[in-house]
Amino acid sequence: MSKVTSALVIGGGIAGPVTALALARAGIRATVYEARDSAADGGGAMLSLAPNGLDALRIVGADEAVRAVGQPVPGVVMADGAGNRLAEFGGFPGLPPTLAMQRAALFRALADHATAAGVRIDHGRRLVRAEETSEGVTATFADGTTATADVLIGADGIRSTVRTLIDPGAPGPEYGGVLSFGGYADGGGVRAEPGVMYFAFGRTFIGYWRLPDGRVCWFASLPRTEPLTYAEVVRVPAADWLARLRDLYAGHVPGEKLLAGTGPADLMITGPMERMPSVPRWHRGRMVLVGDAAHAPSSSSGQGASLAVESAVELARCLRDLPPAEAFAAFERLRRPRVEMVGGDAAAKNKAKAGLAGDRPAMPAPEQMFAPVHLHHIDWDAPVTAQAGEDRTGKSG
């Protein structure tokens, strides 16, 4: 197969627009197809974008657009459920601060930036099947329309359709043992310095930071053995979930005060915490996965969005320099060890969030914890070879 000149990108969340931007920089024409009718679904969940994610966004010129919708939180404080500080971290010199933002705001910022840069994003186009030939791949959408290009890239999230087209036996998302919630508290009596993200472990876990308007935004976990779908969770009145959370965090510092200062209207329901287990096949023929479709860590990692951005840029580098089969293999070798390392660390953190690690969980120094993820840098100008990612013995690394 010859080198790629065109691509269909399925999914308009985070990885999709960034993939299209990176492909454009690599000289490859890409169109994004999104099943939803708009760039954001209106969800109020919060997420963070770490320095490594911002560094990758800089390569495609989208970092400033994202900074405009994010709140810098360069500091980290870790504590136990009694209010004792366990560790502090102020970030690495020379790196941009982590940004906290609404998920929907990040979606809109990336979609708007991509559109302004000339990327075409078609909404309301839900993929139902794809057919490959020796010349390309044709996608068929639920509305009966089709599109053809050299390759098809599945950036369609943790419930990826493309993943099942590549491998009908592929695993689906895995439940992490907790339901996730967030909210806005009045912040009265809670110590939260501006620009600092706090993580407090106890019978379970709560994270929080102070917003510019003085309120405190928090995110918390409610352990539950049997999973519920998001639809099942939202059917329960917010006041009922808030009561359960208040009971769980009774005596927790500062969880008790944060939940007391949150009303039902200010509760954000995220739903079950999920992650992707190791996906055996990332690519087949002219189709490949990127972002959460291939490697969604749980939210415990704080790296879901950043890893998706990194992978989007790396995939474009590979397709710039190699024909599809070699590009996809090199991409997987470059990315799989890193994303599975981050995902494994997040799975361990989930035990603490579920209250399985005690009030004072063992943890490395923050510098050791964050260095492998925050200091990661992609050299866009470095050529990718067919042996990319192999170790000195010639085995995939």
Side-chain angles (χ1 to χ4, degrees), residues 1-11 13-30 32 52-53 55-57 59-60 130 132 136-137 149-157 160 162-163 165-167 170 276 278-297 303-343 373 376-391 394-397:
M1 290 186 281
S2 61
K3 289 188 178 180
V4 169
T5 61
S6 61
L8 310 177
V9 180
I10 309 300
I14 296 173
V18 179
T19 299
L21 285 164
L23 288 171
R25 183 169 179 187
I28 299 169
R29 184 181 72 260
V32 178
N52 51 297
D55 184 63
L57 283 178
I59 294 172
V60 298
E132 297 182 67
V137 57
D150 292 335
V151 295
L152 184 148
I153 299 169
D156 49 344
S160 170
V162 180
R163 187 172 63 237
L165 295 178
I166 290 173
D167 179 9
M276 280 304 301
S278 182
V279 174
R281 299 191 66 175
W282 285 20
H283 55 90
R284 177 176 64 80
R286 293 179 174 271
M287 297 187 291
V288 66
L289 303 174
V290 70
D292 281 358
H295 54 67
Q303 279 286 313
S306 295
L307 290 181
V309 171
E310 285 182 5
S311 288
V313 173
E314 288 283 34
L315 177 59
R317 282 184 64 232
C318 293
L319 286 170
R320 175 195 66 192
D321 295 343
L322 298 168
E326 293 180 8
F328 295 164
F331 167 67
E332 182 174 353
R333 288 196 300 270
L334 284 169
R335 295 301 295 164
R336 186 183 282 275
R338 174 167 171 77
V339 300
E340 294 197 348
M341 177 270 292
V342 173
V373 286
H376 185 77
H377 172 72
I378 298 170
D379 185 353
W380 173 263
D381 295 322
V384 180
T385 69
Q387 291 74 40
E390 291 185 351
D391 66 17
K395 297 178 182 178
S396 296

Backbone N/O of [Y] and side chain of [X]: donor-acceptor pair under 3.5 Å:
{"X": "K3", "Y": "L319", "result": "no"}
{"X": "D156", "Y": "V162", "result": "yes"}
{"X": "R29", "Y": "L23", "result": "no"}
{"X": "R25", "Y": "V60", "result": "no"}

Are any of the side-chain heavy atoms of [X] and [Y] separated by less than 4.5 Å?
{"X": "D150", "Y": "P324", "result": "no"}
{"X": "S278", "Y": "R336", "result": "yes"}
{"X": "R320", "Y": "W380", "result": "yes"}
{"X": "L307", "Y": "R335", "result": "yes"}
{"X": "S311", "Y": "E314", "result": "no"}
{"X": "W282", "Y": "V290", "result": "no"}
{"X": "V342", "Y": "V373", "result": "yes"}

Minimum-distance pair of heavy atoms, taken over all atoms of [X] and [Y]:
{"X": "Q303", "Y": "P297", "answer": "C-CG, 4.4 Å"}
{"X": "A316", "Y": "A26", "answer": "O-CB, 3.9 Å"}
{"X": "A312", "Y": "A22", "answer": "O-CB, 4.0 Å"}
{"X": "M287", "Y": "V137", "answer": "CG-CG2, 4.4 Å"}
{"X": "L334", "Y": "G389", "answer": "CD2-N, 4.0 Å"}
{"X": "G304", "Y": "D292", "answer": "O-OD1, 4.2 Å"}

Supply the atom-to-atom distance [X] [atom1] to [Y] [atom2], rounded to the nearest 0.5 angstrom.
{"X": "R286", "Y": "L8", "atom1": "CZ", "atom2": "CG", "answer": "11.0 Å"}
{"X": "I166", "Y": "R281", "atom1": "CD1", "atom2": "CZ", "answer": "8.0 Å"}
{"X": "T19", "Y": "I10", "atom1": "OG1", "atom2": "CD1", "answer": "11.5 Å"}
{"X": "I153", "Y": "L315", "atom1": "CD1", "atom2": "CG", "answer": "4.5 Å"}
{"X": "H295", "Y": "E340", "atom1": "NE2", "atom2": "CD", "answer": "10.0 Å"}
{"X": "F328", "Y": "L322", "atom1": "CZ", "atom2": "CG", "answer": "11.0 Å"}

Practice task
Just jot down the side chain to side chain donor-acceptor pair (under 3.5 Å) partners of R163, sequence neighbours excluded, or say none.
Solution key: none
Exercise for the section: Under the side chain to side chain donor-acceptor pair (under 3.5 Å) rule, collect the residues that match up with R338, sequence neighbours excluded. Expected result: E310
Completion exercise
When V18, D381, I378 are each screened for side-chain contact (heavy atoms from CB on, under 4.5 Å) with I59, the one that passes is I378
